[in-house]
Amino acid sequence: MSSSLSKFYFFFFLLSTIVFLPSSRAFSSSSSTEAEALLKWKTTLDNHTQALLSHLWPLKTSHCNWVGITCDNTTGTGTVTDIALNDYDRRLTGTLDNLNFLAFPNLTSLQLRNNSLSGHIPSGFGSQSKLRFLDLSDNNFHGSIPEEVGSLSSLYHLNFSWNSLTGHIPKSIGNLSNLESLYLYINHISGSIPIEIGLLKSLSTLKLSNNNLTGFIPFSVGNLTNLSTLKLHNNLISGSIPAEITMLESLRTLTLTNNSISGPIPASIGNLTRLSILVLSENSLSGPIPPSPTYSRLTNLQLSNNRLTGPLPENLCLGGVLSHFGASNNDLTSSIPSSLRDCRSLYRVRLEGNQFTGNISDAFGVYPKLNYIALSGNKFFGELSPKWGQCPNLTSLQISNNSISGTIPVELGHGTQLGELDLSLNHLTGEIPKELGALQRMSRLFLSGNRFSGEIPSEIGLLSNLEQLNLASNNLSGPVPDSLGNCSKLFNLNLSKNNLGWSIPFSIGYMNALQSLDLSQNSLIGGIPQQFGNLHSLEILNLSHNMLNGSIPKAFNDLHGLRFVNISFNQLEGPIPDLKAFHGASFDALRNNIGLCGNATGLKPCVLPSRASHGHERTIKVAILVAVSLFGVLLLLFVLARSFLTFSKKTPTVESESNEEQLGDIFTVLGFNGKVLHDNIIEATEDFSSEYCIGVGGYGTVYKAVLPTGQTVAVKKLHQSENSMLIDNSKAFESEIVALLEIRHRNIVQMYGFCSHTKHSYLVYEFVERGSLRMVLSNNEQAKEFDWEKRLKVVKGMADALAYMHHDRSQPIVHRDISSNNVLLDLYYEARVSDFGTARILRPDSSNWTSLAGTYGYIAPELAYSMRVDEKCDVYSFGVLTVEVFMGRHPGELLSYLSSSAPASVSSEQQILLKDVIDQRLSPPGCKSANDIVSAMKIAFACLNGNPQLRPTMRQVTQDLTRQSPPLPSPLSTIKLGELLGHVVYNG
């Protein structure tokens, strides 16, 4: 029995050895393979990451004991199940390309968030059938999401957010039937949301925000019955809100803001009984806000920047939980519902930019939690309630641009947390209460455009945190408070358009942060304080329309940051500072002083005092004697000359008649003698030396001339052919010249006069600083500074100039040569159309283009078969030039391409996106600029219509350009040129 038992035990031991020996080898082999895979991956990372992991992964210990590595020993396998290397002070840097995922067959969780890993997301993930948790967020991964992700059948959490992923969301993602949370936000993912997303029945959280997703929200989202959070904001999604979204009864958070979603808010929104956060702002939603019990349960409701109409729902905040509410910039009307007035849970409210009405005294109550409220740009009336001072946490109160009357309640001084108060553009009266000086946190105080009277309270100087103060356009009197010098953080001070008197306090010179100072249109006296030289941050200074006297302090020469200055209409004298802001200032910015001099438009050069001026009395007497003697000689010469002229009139010669004819007296419109000005121009250009040449046009060469008065003019010396024609027809042109000299329009270069001479004739214009539009567009640096807003302003300016000449003159004047060479830009990028009327002056009998220079590429196509020139030719040229402004170059090939296809046949045009056509040297335009650019391009294409009768008039163009541009139906990046053709139709 004992022998049999011994044999049994021996057999059992032998069998167990045979059975378990392979497992031990497998265990040893698997452990070794995993450790080797981790160490091999470590060697491919950057040096600091290797050093970090060498510390965390000591070679003397098992890899299962390494930091961030977890093994499962319950099954006896001892293999890696969890890799978690997150949030280290020194982020891991490298790629996952060399991590062998096949070495980890039992991996269930991979967490590498908040590192600096880059490269592509490896497709090797597809082999991880047991992987349940995958988090690669907050890294630098790029490329597309691999299709193999769809093979992770056990996955319940997937987070690829905060990377730089591109491409589409793979359709295979619909295979992840166990997925509960999907985070792909903050990437560059494009394309539409796949309909397969509706297969993820277990999904509770879906965050796809901050990408470039397009297309519609798929109706299949209605299948996600467990979804509690849906975030699609900051994409390019279009279409309407699908009704299926209101079937998600578990939904608590829905954010769709900043897309291109249109249509109404679904009436069935009330089905979302658990919804607490609804964010639909910055879309194109229209129609009324539907009544719904949902609103009474919301904590956050955002509807701003849409096209919503009608009143606010009556049940807003009935549940007493609404804290964040925004409905600004819509067309909402009626009064504020009582449920909102009594909503004590409110924290942040934005209702500005609507048509709300009602007495503001009764519309709002006391809000113990309120932090921010904006009510500007509505139609509220009545007086401000003292209750605003009873909101202990209120930091910003904005009620500008309404019809509020009465005084500022002194109780506002109790709002100790108030940092911003904007009551501008109302009908407020009385004095500014000194109690506002108690608001120590105040940084922005805007009270402009009211009817305040009395003095500025000195207590304003107690606001040590004040950064912006605007009291302009009131009836304030008295001095500028000396205490303002205590506001050391103030960077914007505007006290213009009041009745302030006395002198400027020198304490303003101690506001070291000051960037913009406007004291214009007051009654200030005395000199400019020397201390202004300490304002090294100053960029904008406007002291115009006062009674300041004396010279500008020399300390101004240290204000190198100054870029705009206006000191006109004072009594200042002496040299201007040696600064670009003064040298480049316009004539209007320096005019009407008693003795300013220096190198600037409209000023005389400064004359240094001679040694004689410092001499003794004898020198003065000698000078007086010399002057008297010279006067006598000049008087004698005058008498002789008068006698000679009288004799010459009685016996005219050919030469005298010729000279009179040649030099004329046209220049006297500027108060100059024609002959003197002629000589001055010859001297200023050194007889038209090439050194002063600033351009060559179809009619002549343009020179820059600085006159002895200090005024700079542009002189166009005509080509010889034009000069001969002018001399032959000089009498016929005088009335035309006089008419052009009378033109005054901000977007038309002013003509000062002309001189007819056998040797050289020329036209004299105002000098425009930046030169031609073509020069600006052809210079990369200048073109980058020439941003979208400036370009839109230029297009509107050109249109205004043409409309004025076509429609507002007793006799319409056609330009005949609109091109980027004939549009000039001033320092502020205001368009100035030049050479208006030049063609008519030089070729008055020509009604066709054959004898005109006309710039190739801008000429209307009908002139190929009909030589008749009319206003519609200018309209066509304007269309070409508008496209050129936005493209940054002449649209030559594009014009040919567009004209080769009818608007109805858009198949070929659809291949060209507007975003690829506009100037690539600039960053993509923002939402507002994009809307305006699309509208302007539509109008430009209408101007390019091959049928001149279907082109708009320039008056129609200006009207359409000044209308508010509607929000784009789709993002700019998706708009095709073919979509713009034929959208603006005119019946000429």
**Message:** Walk me through whether Leu117 and Thr93 qualify under side-chain contact (heavy atoms from CB on, under 4.5 Å).
**Reply:** CA-CA 5 Å; Leu117 298 171; Thr93 303; over 6 Å; no
**Item:** Intermediate values then yes/no, side-chain contact (heavy atoms from CB on, under 4.5 Å), Leu213 and Ile169
**Value:** CA-CA 9 Å; Leu213 295 171; Ile169 299 173; 4.2 Å; yes
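- For CZ of Arg441, the number of neighbouring non-hydrogen atoms (other residues, nucleotides, ligands) closer than 6.0 Å is 12 at most.
- Contact check for Glu180 versus Thr205: no side-chain heavy atoms found under the 4.5 Å cut-off.
- The nearest pair of heavy atoms linking Asn300 to Gln302 is OD1-NE2, 2.9 Å.
- Side-chain N or O atoms of Asn259 include one that pairs as donor or acceptor with a backbone N or O of Leu236 at under 3.5 Å.
- In this structure, the side chains of Leu158 and Tyr183 stay at 4.5 Å or more apart for every pair of heavy atoms.
- One N or O on the side chain of Ser54 and one on the backbone of Gln50 form a donor-acceptor pair closer than 3.5 Å.
- Ring pair His233/Tyr185: centre-to-centre distance not below 6.0 Å.
- Looking only at side-chain heavy atoms (C-beta outward), Ser144 and Leu165 stay at 4.5 Å or farther from each other.
- If you take CG on Asn178 and CG on Leu200, they are separated by 10.0 Å, rounding to the nearest 0.5 Å.
- In this structure the side chain of Leu340 reaches within 4.5 angstrom of the side chain of Phe325, judged on heavy atoms.
- Under the 6.0 Å distance and 45° angle rule, Arg132 does not count as a cation-pi partner of Tyr156.
- Distance check, rounded to the nearest 0.5 Å: CG of Leu182 to OG of Ser161 gives 10.0 Å.
- For the pair Asn187 (side chain) and Phe160 (backbone), a donor-acceptor distance under 3.5 Å is present.
- In this structure, Glu282 contributes its side chain and Leu280 its backbone to no donor-acceptor pair below 3.5 Å.
- The two atoms that bring Leu85 and Gly68 nearest to each other are CD2-CA, 4.1 Å, heavy atoms only.
- When atom types are taken as modelled, the side chain of Asn163 and the backbone of Asn140 share a donor-acceptor pair closer than 3.5 angstrom.
- Taking Lys489 as the reference, nothing meets the salt bridge (Lys or Arg N to Asp or Glu O under 4.0 Å) condition, with sequence neighbours excluded.
- Using a 30° and 60° split on the angle between ring planes, Trp66 and Trp57 fall in the parallel class, below 30°.
- Atom CG of Leu248 is separated from atom CG of Asn223 by 9.0 Å, given to the nearest 0.5 angstrom.
- Heavy-atom contacts from other residues, nucleotides or ligands closer than 6.0 Å to CH2 of Trp162 number 12 or fewer.
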**Request:** Verify side-chain contact (heavy atoms from CB on, under 4.5 Å) between Phe104 and Asn106, making sure each step is shown before the conclusion.
**Result:** CA-CA 6 Å; Phe104 309 98; Asn106 295 308; over 6 Å; no
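- Between His324 and Tyr347, the ring planes are tilted. Angles from 30° to 60° get that label.
- One finds the OG atom of Ser276 at 7.0 Å from the CZ atom of Arg252 (value rounded to the nearest 0.5 Å).
- Judged purely by atom type and a 3.5 angstrom limit, Ser154 uses its side chain to pair as donor or acceptor with the backbone of Ser129.
- The backbone N or O of Ser443 sits nowhere less than 3.5 Å from a side-chain atom of Glu420 that would complete a donor-acceptor pair.
- In plain terms, the two heavy atoms of Ile197 and Pro218 that are nearest each other are CG2-CG, 4.2 Å.
- Under the 3.5 Å distance criterion, the side-chain polar atoms of Asn306 are matched with a main-chain donor or acceptor of Ser284.
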**Request:** Decide yes or no on side-chain contact (heavy atoms from CB on, under 4.5 Å) for Glu34 and His63, but give the supporting numbers first.
**Result:** CA-CA 8 Å; Glu34 289 176 342; His63 70 287; 3.1 Å; yes
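- Taking the side chain as every heavy atom from C-beta outward, Asn393 and Tyr367 never approach each other to under 4.5 Å.
- Around CD of Glu249, the count of heavy atoms belonging to other residues, nucleotides or ligands within 6.0 Å does not exceed 12.
- Of all non-hydrogen atoms in Arg113 and Asn115, the two that sit nearest each other are O-ND2, 3.2 Å.
- In this structure, the separation between CG on Leu256 and CG on Leu285 is 8.5 Å, given to the nearest 0.5 Å.
- For the pair Ser396 and Leu418, the tightest heavy-atom approach, listed with the atom from each and the gap, is N-CD1, 4.0 Å.
- Scanning for disulfide (SG to SG under 2.5 Å) contacts around Cys343 gives Cys317, with sequence neighbours left out.
- For the pair Leu301 and Leu303, the minimum side-chain heavy-atom distance is below 4.5 Å.
- Residues satisfying the salt bridge (Lys or Arg N to Asp or Glu O under 4.0 Å) criterion with Asp787, sequence neighbours excluded, are Lys790.
- Atom CZ of Phe133 has more than 12 heavy atoms from other residues, nucleotides or ligands within 6.0 Å.
- Taken from CG in Asn305 to CG in Asn283, the straight-line distance is 9.5 Å, to the nearest 0.5 Å.
- The heavy-atom pair separating Ala930 from Pro925 by the smallest distance is N-CB, 3.9 Å.
- Thr246 and Glu244 form no side-chain donor-acceptor contact under 3.5 Å, judged by distance and modelled atom types alone.
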